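Fair warning: this is a prediction, and the values are worked out from it, not measured in the lab. Values below: all heavy atoms of this structure, side chains included; hydrogens, waters and symmetry mates excluded. The chains referred to below are lettered A, B, ... by the order of the sequence lines, with proteins before strands, and numbering in each begins at 1.
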There are 2 protein chains.
Amino acid sequence: MDAGETAVETIQREMTAFARRARASAGRMHPELSLVSYTLLGHLEESGGCRATDLAAHYALDKSTVSRQVSALERAGLVERRQDPEDHRVQVLDLTEAGRRILAQVTVRRRAAVRERLTDWPQEDLERFAGYLVRYNGGSAAAPPGDD
Amino acid sequence: MDAGETAVETIQREMTAFARRARASAGRMHPELSLVSYTLLGHLEESGGCRATDLAAHYALDKSTVSRQVSALERAGLVERRQDPEDHRVQVLDLTEAGRRILAQVTVRRRAAVRERLTDWPQEDLERFAGYLVRYNGGSAAAPPGDD
DNA sequence: ACTGGTGGTTGCATAGTACAACTCGATGCG
DNA sequence: CGCATCGAGTTGTACTATGCAACCACCAGT
């Protein structure tokens, strides 16, 4: 196996390991906001409000899954649904004040956890790593960070 | 926010995005081997056989979860259980031939999918990215952030 | 008005998970 | 030795996330 294969193999293995860990403990750290709920709220904040269908498409989730997640978030008072006056099929979703607050809290906690692992990393490495992740995840080198 | 914060923020977001995507698509890609099953088989291969308790500890899973996963893998003919002659409480788990074969197949497919996203990456970037991931995941045994 | 397409909800099934209670065997202590 | 304790694993129960399919409501084009 050449060096390229070795690097690909390592990347595959490490990404797998990460995904498994994230999944295994997704609910433990932020009992009030699951990983999926967190990313949905994050997307609402970034996008400034969107439709359930947009969330489903963006996250490759079934619309029924999004529907239920959104219902839960609404029950929890973190998002609001507004009827689109232009199209009565559509519900435009947006964060409530409480939603914004919780999202900010969880973001801070998550970022702290990430930063924890990144202590001692030189600034240059942080930036390169961030760049690689963006490039890997998106093909989206163009998209703004956290686009997703 | 300074550049360091921005990089940390991006890393956090991208790792989260990746975890979510992996989770969403884990089952679709390899219907016969879920992400968790895959990692368990992988660990058995690396370790050359271990106990269910070791798997649980390594992956921060409840022993009941591992028990059921292992049962499923055994039913599928991918792992074997052997009584430890030293301690009759213990079952040493190991891959069967079929388990090895499936694991190899899925590894190839997963690696191909990863390589797909890494086409056009210069060798130097591949190696650096792999190194960053190892470093990020590695110190993490204690408090994996995606893990939380 | 009919037809087809889109946004969303609900019923049903499944996977993965945790926690608690349990069994069985090992280990240690009086 | 006999009993208490510990460790490995299993099983019962419950919950969450998820997908698919069926369905309803609405929009738009013909």
K.L.:
State which residues pass side-chain hydrogen bond (donor to acceptor under 3.5 Å, both in side chains) with E80(B); sequence neighbours excluded, sorted by chain then number.
P.N.:
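Testing E80(B) for side-chain hydrogen bond (donor to acceptor under 3.5 Å, both in side chains), a comparison that skips the adjacent residues, returns none.
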
K.L.:
Could I get the full list of side chain to side chain contact (heavy atoms under 4.5 Å, CB included) partners for P85(B), not counting sequence neighbours?
P.N.:
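Listed in chain order: nothing, the list is empty.
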
K.L.:
Name all residues meeting the salt bridge (Lys or Arg N to Asp or Glu O under 4.0 Å) criterion together with E97(B); count only those two or more places apart in sequence or in a different chain, and write none if there are none.
P.N.:
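Result, salt bridge (Lys or Arg N to Asp or Glu O under 4.0 Å) vs E97(B): R100(B).
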
K.L.:
All N/O contacts under 3.5 Å from nucleotides 22-24 of chain D to the protein, with atom names and distances to one decimal?
P.N.:
none

K.L.:
V66(B) near the nucleic acid: base, sugar-phosphate alone, or nothing, with a heavy-atom cut-off under 4.0 Å?
P.N.:
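Result for V66(B) = nothing.
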
K.L.:
Atom CZ of R51(B) and atom P of dG7(D): how far apart are they, to the nearest Å?
P.N.:
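After rounding, the gap between these two atoms is 11 Å.
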
K.L.:
Check this one for me: any side-chain N or O of S71(B) less than 4.0 Å away from OP1 or OP2 of dT10(D)?
P.N.:
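For S71(B), the contact criterion (side-chain N or O under 4.0 Å from OP1 or OP2 of dT10(D)) is not met.
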
K.L.:
With a 4.0 Å cutoff (strictly under), does any side-chain N or O of S67(B) reach OP1 or OP2 of dT10(D)?
P.N.:
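For dT10(D), OP1/OP2 do have a side-chain N/O of S67(B) under 4.0 Å.
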
K.L.:
Mapping D62(A) and Q69(B) to their closest nucleotides on DNA chain C, which lands nearer the 5' end?
P.N.:
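Upstream on the strand: D62(A).
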
K.L.:
With sequence neighbours excluded, what pairs up with R68(B) under the side chain to side chain contact (heavy atoms under 4.5 Å, CB included) test?
P.N.:
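R68(B) satisfies side chain to side chain contact (heavy atoms under 4.5 Å, CB included) with S64(B) only.
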
K.L.:
Does OP1 or OP2 of dA17(D) have a side-chain N or O of T65(A) closer than 4.0 Å?
P.N.:
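No, T65(A) has no side-chain N/O under 4.0 Å of OP1/OP2 on dA17(D).
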
K.L.:
What residues, two or more places apart in sequence or in another chain, satisfy side chain to side chain contact (heavy atoms under 4.5 Å, CB included) together with R89(B)?
P.N.:
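Partners of R89(B) by the side chain to side chain contact (heavy atoms under 4.5 Å, CB included) criterion, ordered by chain and then number, come out as D87(B).
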
K.L.:
Who pairs with Q105(B) by side-chain hydrogen bond (donor to acceptor under 3.5 Å, both in side chains), at least two apart in sequence or on another chain?
P.N.:
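Expected list: none.
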
K.L.:
Look at S64(A) and dT10(C) and indicate whether a side-chain polar atom (N or O) is within less than 4.0 Å of OP1 or OP2.
P.N.:
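No.
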
K.L.:
Kindly determine whether D125(A) and R135(B) satisfy salt bridge (charged side-chain N to carboxylate O under 4.0 Å, His left out), including the steps that lead there.
P.N.:
CA-CA 11 Å; D125(A) 286 345; R135(B) 196 161 146 202; 3.4 Å; yes

K.L.:
In whole angstrom, what separates Y59(A)'s OH from dG19(D)'s P?
P.N.:
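The answer, rounded to whole Å, is 14 Å.
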
K.L.:
Taking atom P of dG8(C) as reference, at what distance in whole Å does atom CG of L40(A) sit?
P.N.:
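Taking atom P of dG8(C) as the reference, CG of L40(A) is at 13 Å.
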
K.L.:
Holding to side chain to side chain contact (heavy atoms under 4.5 Å, CB included), I want the full list of residues that pass it with R51(B), two or more places apart in sequence or in another chain.
P.N.:
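R51(B) satisfies side chain to side chain contact (heavy atoms under 4.5 Å, CB included) with T53(B), D54(B), V90(B) once adjacent residues are dropped.
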
K.L.:
Given dG7(C), dA18(C), dG9(D), which nucleotide is nearest the side-chain atoms of L61(B)?
P.N.:
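So the nucleotide nearest the side chain must be dA18(C).
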
K.L.:
Hydrophobic clustering (ILVMFWY, side-chain heavy atoms < 4.5 Å, transitive) - are V66(B) and V92(B) grouped together?
P.N.:
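Cluster IDs for V92(B) and V66(B) differ.
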
K.L.:
Enumerate the residues from residues 79-93 of chain A whose closest heavy atom to DNA chain C is under 4.0 Å, giving them by residue number; use none for an empty result.
P.N.:
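Correct list: R81(A), R89(A), V90(A), Q91(A).
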
